[in-house]
Amino acid sequence: MNTMLAARLHAIGDFRVDTVGIPQPEGKELLVKIAACGICGSDIPRIFLLGTSKQKYPLTIGHEFSGTIVKTGPDADPALVGKQGAFFPLIPCGHCENDLTGHYAECVDYDYMGSRRDGGFAEYVLVPSAWNFVEAKGAHPDMVQLAMTEPACVAQHAVRSSRMYAGANVVIFGAGPIGLMMARWAHLFGAGSVLLFDVQDEKVDFAIAHGEHAVNSLKESPVEAVKAAFDGKLADIVIEGTGAGPVLDQCIDCVRSFGTVTLVGNPSTDAKLGMKQHSSILRKELTIHGVWNSMYSSQPINEWSYTVKMLGEGKIRFKDLVTHTTNLEGLPELCGKIYRKEISICKAMYVAE
C-alpha cells in the first residue's frame with residue numbers, strides 16, 4: 001500500500017479527507033503511524049477563519065499526536081522502529097539566541113507540524129528527527145492519553161511558571177481542557193486548594209463531575225467565591241486561561257498582595273485593563289507573568305519527558321477529559337459541529353482504527 005488518508009485544509013473553510021501518497025523518510029526523518037491526534041482549540045479557527053500560519057495549502061493539520069515509528073530514514077537509528085510515544089511538533093531553526101539557550105517555543109523562525117507543515121490528521125506523518133520524539137516506557141502505553149501530551153505540557157508550563165508552591169491556593173479562569181489540566185498539575189504539585197471559573201454551565205458542571213471545585217463567574221462574584229473557597233482570603237496564584245477581555249480585571253481582583261497572575265489565554269479583541277486594576281497591580285506589587293507553549297529543554301526540566309513519565313506511572317491522568325472521538329473520515333464533520341457550536345465538548349480527538 002502506497003497511499004493513505006489525510007485530512008487536509010485546501011483553503012479557509014475547505015477541510016476534507018484526501019487520498020495521498022505515504023511520505024517516505026529521508027535523512028534523519030521518521031515515518032510515524034498515527035494512533036491518535038487531538039483537536040486543538042487553535043485548529044477550529046485555523047480551519048474556518050484564519051487558514052494555515054503561512055497560507056500554505058493543501059496542508060494536513062493536527063499537532064497533538066501520538067504514534068508508532070514504522071520506518072526511519074537512512075541517517076536515523078533503525079532501532080527506533082516499533083517504539084511508541086508522543087512527538088514535539090515544533091521544529092526550531094537551531095541558530096537563533098532563543099534556540100541556543102533551549103527556549104525553543106520562542107524560536108524566531110520555527111516550523112511546526114500541523115500548522116506550517118503536514119501534521120497528525122492522517123494515517124502517517126513524517127517527523128523531522130528523533131529529537132522530536134518522546135518515548136513512552138512500558139509494553140502497552142495508552143496512546144489516546146499520550147496524544148494529550150502537547151496540551152498537558154502547555155498546562156504544566158503555565159502552572160510551573162506561576163511560581164507554584166505546596167499549599168498555594170490557586171484560581172484558574174477557564175474550565176476547558178487546558179484549565180482542567182492546569183488544575184490537575186496544581187494538585188500534583190501540592191496546591192492547597194484549586195478553584196476554577198467559567199461562564200458556561202456545561203463546563204462548570206463537567207469540572208465538578210470530574211472532581212474539581214468550579215463556579216460560574218456570571219452567576220457569582222469571583223472575589224466572593226474565592227474568599228468563600230479559601231477561608232476569607234484571596235488567591236496566592238491566579239491563572240488566566242481564556243483571553244477574554246474582562247477576565248484579566250477579575251484575575252487582579254482575586255489575587256492577594258504579592259501574588260502572581262499568569263496569562264495563558266490568547267487575548268481577544270476586547271482585551272483591556274481597567275484603571276482600578278492597573279492601580280491594584282501597583283498597590284499589591286503583583287507579578288504578572290506571560291507564558292507561551294512549553295519547555296522542551298532539559299534545563300530546568302523537559303516538561304514533555306516529565307508529562308510522558310507521569311502518564312506512564314499513572315500519577316496524572318487526562319483520558320477522562322476526552323468527550324468526543326472520530327475516525328479520520330469523520331474528522332471534518334466533527335470539526336464543523338464544534339465550530340457551529342452544535343455540540344459541547346471538553347476534548348475531541350481523531351483516534352485511528
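Everything numeric here is computed off the predicted structure, so don't read it as measured data. This chain uses plain numbering: 1 for the first residue, then up along the sequence.
Taking the centre and axis of the six-membered ring of Y306, the NZ or CZ atom of R160 falls inside the cone set by 45° and 6.0 Å. Cation-pi geometry between R116 and Y110 is met: under 6.0 angstrom from the ring centre, within 45 degrees of the axis.
A 4.5 Å side-chain heavy-atom check between S129 and L30 finds every atom pair outside the cut-off. In this structure, the side chains of R16 and H10 come closer than 4.5 Å at one or more pairs of heavy atoms. Proximity of I345 to I39: side-chain heavy atoms (C-beta onward) are nowhere separated by under 4.5 Å.
M349 contributes atom CE, which lies 11.5 Å from atom CG of L331 (distance to the nearest 0.5 angstrom). Atom CG of L321 sits about 9.0 Å away from atom CD of Q145, to the nearest 0.5 Å. Here the straight-line distance linking atom CD1 of I338 with atom CG of D43 works out to 9.5 Å at 0.5 Å rounding. With rounding to the nearest 0.5 Å, the separation of CD1 in I239 from CG in L263 is 10.5 Å. One distance of note links CD1 of I252 with OG of S280; it measures 7.0 Å at 0.5 Å rounding. With rounding to the nearest 0.5 Å, the separation of OG in S115 from CG in L50 is 11.5 Å.
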Working for side-chain contact (heavy atoms from CB on, under 4.5 Å), residues E150 and H63: CA-CA 8 Å; E150 194 275 342; H63 59 270; 3.8 Å; yes

N216 vs D198, side-chain hydrogen bond (donor to acceptor under 3.5 Å, both in side chains): CA-CA, chis, key distance, verdict: CA-CA 5 Å; N216 188 318; D198 208 282; over 6 Å; no

Can you list the steps and then say if T68 with Q84 is a side-chain hydrogen bond (donor to acceptor under 3.5 Å, both in side chains)? CA-CA 4 Å; T68 303; Q84 298 179 308; 3.0 Å; yes

Given T101 and H103, is the side-chain hydrogen bond (donor to acceptor under 3.5 Å, both in side chains) satisfied, shown in steps? CA-CA 6 Å; T101 56; H103 297 91; 2.9 Å; yes

Start with the C-alpha distance between M113 and I91, add both sets of side-chain angles, then the distance that settles side-chain contact (heavy atoms from CB on, under 4.5 Å), and finish with yes or no. CA-CA 8 Å; M113 289 179 274; I91 302 104; 3.9 Å; yes

Does the side-chain contact (heavy atoms from CB on, under 4.5 Å) test come out yes or no for I69 and L31, once each step is laid out? CA-CA 6 Å; I69 299 169; L31 181 65; over 6 Å; no

List the steps, then state whether side-chain contact (heavy atoms from CB on, under 4.5 Å) holds for F15 with C335. CA-CA 9 Å; F15 183 48; C335 290; 4.0 Å; yes

Could you check H187 against E212 for side-chain hydrogen bond (donor to acceptor under 3.5 Å, both in side chains), going step by step and ending with a plain yes or no? CA-CA 10 Å; H187 291 306; E212 300 296 341; 2.9 Å; yes

K203/D205 under salt bridge (Lys or Arg N to Asp or Glu O under 4.0 Å): CA gap, chis, key distance, verdict: CA-CA 5 Å; K203 291 185 177 180; D205 292 343; over 6 Å; no

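No more than 12 heavy atoms of other residues, nucleotides or ligands lie within 6.0 Å of CH2 in W292, so this atom counts as exposed by the packing criterion. E97 CD: 12 or fewer foreign heavy atoms inside a 6.0 Å radius. Annotation for E26: atom CD does not count as buried by contact number, only 12 or fewer foreign heavy atoms lying within 6.0 Å. Counting heavy-atom neighbours within 6.0 Å of H278 NE2, excluding the residue itself, gives a total of 12 or less. The 12-atom threshold is not exceeded at CD of E285, counting heavy atoms of other residues, nucleotides or ligands nearer than 6.0 Å. Other residues, nucleotides and ligands contribute at most 12 non-hydrogen atoms within 6.0 Å of the NZ atom of K83. For E329, the CD atom sits in a packed shell: over 12 heavy atoms of surrounding residues, nucleotides or ligands are nearer than 6.0 Å.
Salt-bridge annotation for D118 and R8: absent, with no side-chain N of the basic residue lying under 4.0 Å from a carboxylate O of the acidic one. Comment: D253 engages K276 in a salt bridge, judged by a side-chain N to carboxylate O separation of less than 4.0 angstrom. Salt bridge present: E135 and K137 bring a charged side-chain N and a carboxylate O closer than 4.0 Å. Electrostatic pairing of K54 and D111 does not count as a salt bridge here, judged by no charged N lying under 4.0 Å from a carboxylate O. Ion pairing between a basic and an acidic side chain is recognised when a charged N comes within 4.0 Å of a carboxylate O; E303 and K309 show no such pairing.
For Y57 (side chain) and T52 (main-chain N/O), a donor-acceptor pair under 3.5 Å exists by modelled atom type. Judged by distance alone, with hydrogens and angles left aside, the side-chain atoms of D75 form no donor-acceptor pair with the main-chain N or O of K28 at under 3.5 Å. Formation of a donor-acceptor pair under 3.5 Å by the H210 side chain with backbone atoms of F206 is found in this model. Side-chain atoms of D249 never come within 3.5 Å of backbone atoms of P246 as a donor-acceptor pair (strictly under, hydrogens ignored). Although no hydrogens or angles enter the test, the distance criterion places no donor-acceptor pair under 3.5 Å between the side chain of N132 and the main chain of V127. No donor-acceptor pair closer than 3.5 Å links the side chain of R163 to the backbone N or O of T260. Judged by distance alone, with hydrogens and angles left aside, the side-chain atoms of T242 form no donor-acceptor pair with the main-chain N or O of F173 at under 3.5 Å. The backbone N or O of L5 lies less than 3.5 Å from a partner atom in the side chain of E123, making a donor-acceptor pair. The backbone N or O of L146 sits less than 3.5 Å from a side-chain atom of T149, completing a donor-acceptor pair. No donor-acceptor pair closer than 3.5 Å links the side chain of T60 to the backbone N or O of A6.
Pairing each heavy atom of A158 with each of V264, the nearest pair is CB-CG2, 3.5 Å. For K284 against L234, the heavy-atom pair with the smallest separation is NZ-CD1, 4.1 Å. Looking at every heavy atom in both residues, S193 comes nearest to F230 through CB-CE2, 3.5 Å. Across all their heavy atoms, C93 and C107 have their closest contact at N-SG, 3.2 Å. Pairing each heavy atom of A76 with each of E29, the nearest pair is CB-O, 4.1 Å. Here the closest heavy-atom approach between residue T72 and residue D77 is recorded as CG2-O, 3.6 Å.
Linking Ile, Leu, Val, Met, Phe, Trp and Tyr residues whenever their side-chain heavy atoms come within less than 4.5 Å leaves V154 and M295 in two separate clusters. The same ILVMFWY cluster, assembled from side-chain heavy atoms under 4.5 Å apart, contains both L286 and L273. Note: the hydrophobic cluster containing I61 does not contain Y112 (ILVMFWY, side chain heavy atoms under 4.5 Å, direct or indirect links).
Using cut-offs of 30° and 60° on the angle between ring planes, the pair Y339 and F48 is parallel. Between F318 and W185, the ring-plane angle classifies as tilted under the 30° and 60° cut-offs.
In this structure, a donor-acceptor pair under 3.5 Å is absent between the side chains of H95 and D109.
Annotation: W304 is not in aromatic contact with F87 [ring centroid separation under 6.0 Å not met].
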